Amino acid sequence: QVHLEESGGGSVEAGGSRSLSCTLSGQTSNNYVMAWFRQVPGKEREFVAVVNRNGARTDYAGSAKGRFTIVKETDRNTVSLHMSAMKPEDTAVYYCAAALAYESADLYYTKQQYNHWGQGTQVLVSS
């Protein structure tokens with residue numbers, strides 16, 4: 001059974017950096033597309049970044065492009081989200097997600113495509 005656990009949330013000042021980590025247990029992450037989503041109260045959970053099963057392909061939401069980096073370490077079964085130049089609008093609960101990959105190059109962008117989720121970790125960016 002797949003279990004995802006996030007860590008690294010907390011407070012950061014605008015313009016600063018913060019890194020989140022997610023560990024997948026119960027299966028090897030080599031078989032999974034993994035992603036980060038975020039959610040603020042009253043809004044839909046939104047896509048932030050995704051990495052394919054072997055870590056070679058990544059993609060980002062427009063709001064994250066150029067500021068966030070997703071990295072998958074398959075030997076450690078972890079995926080990290082390195083966030084820089086942070087803005088108050090990055091404040092959210094960040095969720096790690098995983099889905100079995102059908103093809104090696106697959107990237108999935110919608111929350112409906114993921115069936116494994118972490119519990120979420122809060123990030124607060126102060127201005």
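Keep in mind the model is a prediction, meaning the values are calculated, not measured.
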Notebook entry, point to check: Would Arg45 and Tyr114 count as a side-chain contact (heavy atoms from CB on, under 4.5 Å) if you check the C-alpha gap in whole Å, the side-chain angles of each, and the deciding distance to 0.1 Å?
Noted result: CA-CA 12 Å; Arg45 191 169 298 187; Tyr114 292 87; over 6 Å; no

Next item on the list: Check the surroundings of atom CD in Gln119: do more than 12 heavy atoms from other residues, nucleotides or ligands lie under 6.0 Å from it?
Entry: yes

Note to self: Tell me if the CD atom of Gln112 is crowded by more than 12 foreign heavy atoms within 6.0 Å.
What the structure shows: yes

[Y] and [X], any side-chain heavy atoms less than 4.5 Å apart:
| X | Y | answer |
| --- | --- | --- |
| Leu24 | His116 | no |
| Ser7 | Thr121 | no |
| Gln122 | Tyr94 | no |

If we ignore hydrogens and angles and just use 3.5 Å, is the side chain of [X] paired with the main-chain N or O of [Y] as donor and acceptor?
| X | Y | result |
| --- | --- | --- |
| Tyr60 | Ile70 | yes |
| Lys72 | Ser29 | yes |
| Gln39 | Lys43 | yes |
| Glu6 | Gly120 | yes |
| Asn77 | Thr23 | no |
| Arg18 | Gly9 | yes |

Notebook entry, point to check: How far apart are the C-alpha atoms of Val123 and Val125, what are their side-chain angles, what is the distance that settles it, and do they pass the side-chain contact (heavy atoms from CB on, under 4.5 Å) test?
Noted result: CA-CA 7 Å; Val123 174; Val125 184; 4.2 Å; yes

Check: Is the ring centre of Tyr108 less than 6.0 Å from the ring centre of Phe47?
Finding: no

Margin query: Check for me whether the distance between the ring centres of Trp36 and Phe68 falls short of 6.0 Å.
Written below: no

[Y] reachable from [X] in the ILVMFWY side-chain graph, under 4.5 Å edges:
| X | Y | result |
| --- | --- | --- |
| Leu107 | Met34 | no |
| Val51 | Val33 | no |
| Val79 | Leu100 | yes |
| Val48 | Tyr109 | no |
| Met83 | Val71 | no |

Margin query: Given Tyr32, which partner from the list Val2, Asp106, Asn52 fulfils the side chain to side chain contact (heavy atoms under 4.5 Å, CB included) test?
Written below: Val2

Distance-minimising heavy-atom pair for [X] and [Y]:
| X | Y | answer |
| --- | --- | --- |
| Ser127 | Ala14 | CA-CB, 4.1 Å |
| Ala49 | Leu81 | CB-CD1, 4.0 Å |
| Thr74 | Arg53 | CG2-O, 3.8 Å |
| Thr78 | Ser21 | CB-OG, 4.5 Å |
| Val40 | Ala92 | CG1-CB, 3.7 Å |

Next item on the list: Give a yes or no on whether a salt bridge exists between Glu46 and Lys111, defined as a side-chain N under 4.0 angstrom from a carboxylate O.
Entry: no

Notebook entry, point to check: Is any side-chain N of the basic residue among Arg67 and Asp90 closer than 4.0 Å to the acidic one's carboxylate O?
Noted result: yes

Margin query: I'd like to know if the side chain of His3 pairs up with that of Ser25 as donor and acceptor (distance under 3.5 Å, no hydrogens or angles considered).
Written below: no

Next item on the list: Drop me the distance from Thr91's OG1 to Leu124's CG, to the nearest 0.5 angstrom.
Entry: 4.5 Å

Margin query: For the residue pair Arg38 and Tyr95, would you count it as a cation-pi contact if the rule is NZ or CZ under 6.0 angstrom from the ring centre and within 45 degrees of the ring axis?
Written below: no

